[in-house]
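Being a predicted model, the structure only gives us computed values, none of them experimental.
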Amino acid sequence: MASISNAFSLSLPSNRIANSSSDFNPITSALSGLDSGEFSPGRVAVSKPSGIGGRICANATPVMDQPVGEKSSGAPTIVEVDLGNRSYPIYIGSGLFDQPELLQKHVHGKKVIVVTNTTIAPLYLDKVVEALTKGNTAVSVEYVILPDGEKFKDMDTLMKVFDKAIESRLDRRCTFVALGGGVIGDMCGFAAASFLVNFIQIPTTVMAQVDSSVGGKTGINHPLGKNLIGAFYQPQCVLIDTDTLDTLPDRELASGLAEVIKYGLIRDAEFFQWQEKNMEKLIARNPNALAYAIKRSCENKAEVVSFDEKESGLRATLNLGHTFGHAIETGFGYGQWLHGEAVAAGHGC
């Protein structure tokens, strides 16, 4: 196996990370010493209790070398999160905003509120509204546009979602839609849990697509700690249109890949080896490589969640790097380090 320091060099040209709080690249630094053997990636062996059916996605899927190719729109790849009568699909593919039936079949009631932010709204809000309403005039869509950034993941900003929902006279038969990265998904999901309504996740960053949109963890930050206030609340579906990654800044891309690497480190050795071979393709945004990395990550997350939804045991392994990572984010101030950067540093602690 090639040394991890070479395989996972995620450094970007200095002019591409000008918004970073320093010249230090925490992802590269955190991973540079892992070839010492401290981490031995492998799969956690678990058995589902007898009598409980379900698909164990990650174990069943072979690792493949992804050829360089163009994006292809069509039927999405579907990964199931097996939670009995609360199970839901994760749709993965290019051009999914142009397939309105995928979203519409998961909308409950006739009123929808889309929660997004000032960065994503100009790019994708109109497309999502069209997908929700095309050929379905009975559905009305409201939206609330929040400020962008981890520092706004707080109670004051969350209240703006409640304000809009109450002003629009939404009731428990409506649907909330999260359109954005992890911050938007966490806040919209927590708002839906509090309002007792259904919600849909439409993640637009690698971080959200491979991790935070799947599994039902929702919440907000507190000045004394990250994600301290929240709820476990599962979405009706997760729709991942990989075309949204075309507008993702390089720093955000690298940050998200830290969570992809995590799955290889904690439970999926074959996927880890695939990452070693394909990291340059991922950094170069090869669409086939990104789609496969997202799919494989979602399969791993779905499998863990199906066994341990509320983190009483196995799911805690997904927190690799997060104890130190959350401390870094809180200590430096929310938003100074991206979540993936802090988690990558935590991998090496």
For this session: Salt-bridge test for Glu101 and Lys105: reply yes if a basic N is under 4.0 Å from a carboxylate O, no otherwise.
Result: no
Exercise. Between Asn300 (side chain) and Arg296 (backbone), is there a donor-acceptor pair under 3.5 Å?
Worked result: yes
For this session: Not counting sequence neighbours, list each pair that qualifies as a side-chain hydrogen bond (donor to acceptor under 3.5 Å, both in side chains) and has a residue in residues 132-142.
Result: none
Problem set entry | Side chain Gln275, main chain Ala293, donor-acceptor under 3.5 Å | no
Problem set entry | Residues that Thr119 engages under side chain to side chain donor-acceptor pair (under 3.5 Å), provided they are two or more places apart | Asp148
Problem set entry | Main-chain N/O of Phe97 paired to Asp241 side chain as donor or acceptor, under 3.5 Å | yes
Exercise. Do any N or O atoms from the side chain of Asp211 and from the backbone of Met207 form a donor-acceptor pair under 3.5 angstrom?
Worked result: no
Problem set entry | For Gln209, side chain to side chain donor-acceptor pair (under 3.5 Å) partners two or more places apart | Thr244
For this session: Give a yes or no on whether Leu245 and Ile92 share a hydrophobic cluster (residues Ile, Leu, Val, Met, Phe, Trp, Tyr; joining criterion: side-chain heavy atoms under 4.5 Å apart).
Result: yes
Exercise. Sequence neighbours excluded, which residues qualify as side-chain contact (heavy atoms from CB on, under 4.5 Å) partners of Asp308?
Worked result: Ser312, Leu314, Arg315
For this session: Using side chain to side chain donor-acceptor pair (under 3.5 Å) as the criterion, list what pairs up with Asp154, not counting sequence neighbours.
Result: Thr157
Exercise. So does Arg285 pair up with Asp250, basic N to acidic O under 4.0 Å?
Worked result: yes
Problem set entry | Side chain to side chain, Val115 and Ile145, heavy atoms closer than 4.5 Å | no
Exercise. Who are the side chain to side chain donor-acceptor pair (under 3.5 Å) partners of Tyr88, not counting sequence neighbours?
Worked result: Gln234
Problem set entry | side-chain contact (heavy atoms from CB on, under 4.5 Å) against Ala284, all qualifying residues, sequence neighbours excluded | none
Problem set entry | Electrostatic pair Lys262-Glu259, nearest N-O below 4.0 angstrom | yes
Problem set entry | Partners passing side-chain contact (heavy atoms from CB on, under 4.5 Å) against Ala291 (at least two apart in sequence or in another chain) | none
Could you list the donor-acceptor pairs under 3.5 angstrom formed by side chains in residues 168-177, with sequence neighbours left out?
unit_1: Ser168; atom_1: OG; unit_2: Lys164; atom_2: O; d: 2.8
unit_1: Asp171; atom_1: OD1; unit_2: Arg173; atom_2: N; d: 2.9
unit_1: Asp171; atom_1: OD2; unit_2: Arg173; atom_2: NE; d: 3.4
unit_1: Asp171; atom_1: OD2; unit_2: Arg173; atom_2: NH2; d: 2.9
unit_1: Thr175; atom_1: OG1; unit_2: His108; atom_2: N; d: 2.8
unit_1: Thr175; atom_1: OG1; unit_2: His108; atom_2: O; d: 2.9

For this session: State, to 0.1 Å, how close Leu257 and Ile283 come at their nearest heavy-atom pair, and which atoms those are.
Result: CD1-CD1, 3.7 Å
Exercise. Could you give all pairs that pass the ring-ring contact (aromatic ring centres under 6.0 Å, His included) test and reach residues 129-151, with sequence neighbours left out?
Worked result: none
Exercise. Taking only residues two or more places apart in sequence or in another chain, which ones pass ring pair (Phe, Tyr, Trp, His ring centres under 6.0 Å) with Tyr91?
Worked result: His106
Exercise. Partners of Asp186 by salt bridge (charged side-chain N to carboxylate O under 4.0 Å, His left out), sequence neighbours excluded?
Worked result: Lys153
